[in-house]
Amino acid sequence: MIKVRSYPLKVQDRVIRLEERLRLQALAPAEWHAQIYRLTEDQLIGLRFAATTKLSSLPSRRWKRI
């Protein structure tokens with residue numbers, strides 16, 4: 001029963017990651033596009049709830065720490 005529930009959740013997480021990567025590619029500067037794939041799953045899921053106006057500044061803070 002647990003396995004039946006875990007598969008849809010993994011698929012949902014994959015869709016969220018894809019949506020956020022596409023959203024970042026559309027809104028972020030071109031020099032960031034190579035770094036978008038460095039964001040973790042948790043960070044991408046967290047970006048789902050970020051306002052579009054703040055979206056471009058959030059990943060830049062993360063990349064400065066690396």
Side-chain angles (χ1 to χ4, degrees):
M1 186 69 163
I2 293 173
K3 192 171 188 174
V4 172
R5 181 69 180 133
S6 68
Y7 181 73
L9 290 176
K10 287 183 182 195
V11 171
Q12 182 181 16
D13 287 347
R14 278 191 216 130
V15 171
I16 292 169
R17 288 193 311 260
L18 175 63
E19 287 174 343
E20 289 311 311
R21 284 183 181 132
L22 292 173
R23 184 175 171 211
L24 278 172
Q25 285 179 346
L27 299 173
E31 61 267 10
W32 289 9
H33 291 187
Q35 296 180 343
I36 289 171
Y37 291 93
R38 295 173 61 192
L39 293 170
T40 66
E41 181 177 331
D42 290 339
Q43 290 168 329
L44 286 168
I45 292 170
L47 287 174
R48 182 179 191 199
F49 302 102
T52 302
T53 55
K54 292 186 176 187
L55 188 65
S56 62
S57 67
L58 294 173
S60 66
R61 284 192 247 160
R62 190 254 186 212
W63 290 322
K64 288 178 183 176
R65 285 188 265 149
I66 293 178

Problem set entry | Common cluster, L39/L27, ILVMFWY with side-chain heavy-atom separation under 4.5 Å | yes

Between [X] and [Y], what is the shortest heavy-atom contact and its length?
X   : Y   : result
R48 : E20 : CA-OE2, 3.4 Å
I16 : L44 : CG2-O, 4.5 Å
L47 : R23 : O-NH1, 3.2 Å

Exercise. Would a 4.5 Å heavy-atom cut-off, applied to side chains only, mark Q12 and L9 as touching?
Worked result: yes

Exercise. Atom CD of Q43 and atom CZ of R17: how far apart are they, to the nearest 0.5 Å?
Worked result: 12.5 Å

